[in-house]
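One structure is given here, and the rest of the page talks about it.
Labels below follow one simple rule: chain letters A, B, ... track the order of the sequence lines, proteins then strands, and each chain is numbered from 1.
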Amino acid sequence: MASSLLFDLENPLTSADEEQHPFSDSIAALFAAESDHMSPIAGGHLDLSARRDAVSLILQAQFSCNLDPSVAYLAINYVDRFLSKRQIPSDKPWVVRLLSISCLSIASKMKKTDLFLTDFQREEGFIFDAKTIRRMELLVLGALDWRMRSITPFSFLPFFLSFFSPAQPPLLHALKARASRILFKAQNEIKMLEFKPSVIAAAALLSAAHELFPIQFASFRSAMSSCEFVNKEKLGECCNAVGDVAMDGCDSTFEMVSSSNTPVTVLGRHCSSSESERTVGSSSDDHDLKKRRISELRGALRLS
Amino acid sequence: MEKYEKLEKVGEGTYGKVYKAQDKATGQLVALKKTRLEMDEEGIPPTALREISLLQMLSRSIYVVRLLDVEHVDKNGKPLLYLVFEYLDTDLKKFVDSHRKGPNPRPLPPSVIQSFLYQLCKGVAHCHSHGVLHRDLKPQNLLVDKEKGILKIADLGLGRTFTIPLKSYTHEIVTLWYRAPEVLLGTTHYSTGVDMWSVGCIFAEMVRRQALFPGDSELQQLLHIFRLLGTPTEEQWPGVSSLRDWHEYPQWKPQILARAVPTLEPEGVDLLLKMLQYNPANRISAKAAMEHPYFDGLDKSQF
């Protein structure tokens with residue numbers, strides 16, 4: 001019985017092994033609740049450098065403890081929500097480490113994953129005792145109002161997948177797998193925090209569909225943008241942002257192609273790595289191909 | 001915890017003492033429930049964490065008692081968790097009792113019964129749509145705001161960490177009156193039907209001002225049900241005779257349900273009958289109940 005309480009990123013509202021319930025009820029509830037689970041940067045005081053440190057420590061833990069990516073994903077979601085509500089004193093950088101460890105601990109409990117952080121802490125050269133972590137857990141829980149069943153983009157994948165046709169399980173599976181990879185990657189981008197989870201989910205699926213099923217893409221896009229819950233304009237902006245992540249690129253062509261449309265959001269990215277990538281990494285053919293694909297994607301995802 | 005001032009003990013919940021208290025800063029009245037969840041070396045226990053976050057999610061509905069806060073106190077170096085809920089001045093049991101005895105006994109107005117039942121169905125539908133069964137619905141667990149005419153479901157969710165006990169921690173026998181026949185017969189698979197059975201019993205009790213099936217043991221409870229609704233047969237409830245606690249029972253014929261609730265209008269009797277179906281699969285869902293003609297005269301826009 002207890003297993004039914006297990007938290008599933010895709011299914012924050014319903015417990016998995018209970019009776020299946022009509023989609024419509026819970027989906028409306030999801031859309032209604034998602035704003036409570038955001039960590040706004042605009043107007044907020046999200047400490048970007050603390051966020052960066054926490055994300056890198058959590059990802060480090062994911063690799064070194066061989067954690068399920070969804071545990072790390074949830075932990076980072078807690079970190080973001082915590083940082084959007086509380087300030088970390090800048091003279092106490094260790095608080096970021098404590099926060100990261102505590103969020104990992106809470107996330108692993110929500111997912112019922114065993115997590116032994118002692119070894120990891122030792123590797124990283126610090127160690128917090130159990131009592132300290134417990135106190136921090138309570139601080140995080142309090143700051144997040146004990147809303148630990150986070151509504152994330154993953155929560156919306158099943159709903160948006162229902163707009164894809166043909167609804168053949170292997171296709172849907174592939175689409176979801178690709179979109180999930182994009183979501184895991186996109187979480188590292190601070191820019192993504194501006195968007196509602198549902199919008200990010202829709203954008204990740206569109207991006208995945210464009211890549212995997214170009215023929216079905218157009219009808220998928222129009223079905224999705226006719227959905228009552230989706231703000232087309234926001235989806236367009238988010239597609240641009242997701243496009244960057246999905247293509248793993250950071251290319252100046254991006255800015256030129258899209259600047260007419262969404263100047264602010266796209267130019268917000270740092271492109272410091274592109275120069276070195278160009279000279280060190282790929283051949284010019286690869287580079288051109290990549291450039292072309294990216295601008296195709298940009299054009300295709302533009303919804304207006 | 002210094003945020004709240006305990007005013008009085010208002011009850012012995014199934015899981016512990018409940019206090020009426022006041023938020024010192026805002027003056028707001030709250031109900032404080034001490035849980036027996038102790039934190040150990042591993043910090044907050046995973047089951048408590050998962051349940052409280054579930055409760056937090058469900059309490060978004062105004063038909064579910066709102067979880068306002070979770071507090072912890074250090075007791076002998078061990079933190080104890082308190083759940084802080086919104087406070088309502090009465091519950092449905094006290095409300096019905098006040099109409100049965102006391103200075104002014106009178107039936108509940110039909111419009112109140114209708115409105116309370118609708119709100120109850122709405123709250124139950126909300127829980128069910130989130131995949132959560134209450135499993136212990138009873139008038140004591142339904143809090144009432146008399147002024148506003150609002151009814152809210154309480155004592156939700158914790159059923160899982162603690163499992164439904166036969167005796168509460170004060171050794172008071174837990175009431176069986178609202179328990180569905182499949183639970184009494186030892187089914188291993190619970191479904192949303194267990195809650196709808198309880199809703200039916202509560203509906204009838206509002207009309208009668210006394211319990212429909214007041215059994216004092218599991219066997220007596222079953223016999224009460226069988227005497228009114230007839231002994232269930234394999235035909236109307238496939239699989240009933242293979243349930244764990246099934247025995248041979250006297251064969252009673254079903255009585256006319258309307259006689260048990262003589263003041264209830266025919267549409268109401270029809271809805272009650274649909275809630276008291278033996279086969280859980282045939283029992284009306286909370287959502288479907290809200291669409292039943294019994295509620296046609298109700299202004300649903302107010303909910």
Item to check | Side-chain touch Gln56(B)/Met148(A), heavy atoms, less than 4.5 angstrom | outcome: no

Item to check | Within-4.5 Å side-chain heavy-atom neighbours: Leu141(A) and Val70(B) | outcome: no

Item to check | Worked check of side chain to side chain contact (heavy atoms under 4.5 Å, CB included) between Arg134(A) and His72(B) | outcome: CA-CA 12 Å; Arg134(A) 187 174 77 195; His72(B) 45 93; over 6 Å; no

Checklist entry - So, do Arg60(B) and Arg147(A) sit near enough that their side-chain heavy atoms are less than 4.5 Å apart? => result yes

Checklist entry - Any chance CD of Glu2(B) has more than 12 other-residue heavy atoms, nucleotides or ligands included, within less than 6.0 Å? => result no

Next on the checklist: Donor-acceptor pair, distance only, cut-off 3.5 Å: does the side chain of Glu137(A) make one with the backbone of Ile44(B)?
Outcome noted: yes

Checklist entry - Once you round to the nearest 0.5 Å, how far does CG of Asp145(A) lie from OG of Ser53(B)? => result 12.0 Å

Next on the checklist: Closer than 3.5 angstrom, by distance alone: can the side chain of Lys109(A) be matched with the main-chain N or O of Leu49(B) as a donor-acceptor pair?
Outcome noted: no

Checklist entry - When rounded to the nearest 0.5 angstrom, what distance separates CD1 in Ile151(A) from CE in Met57(B)? => result 8.5 Å

Checklist entry - Which answer fits Asp129(A), side chain, backbone, both or neither, if we ask what part of it has an atom under 4.5 Å from a heavy atom of chain B? => result neither

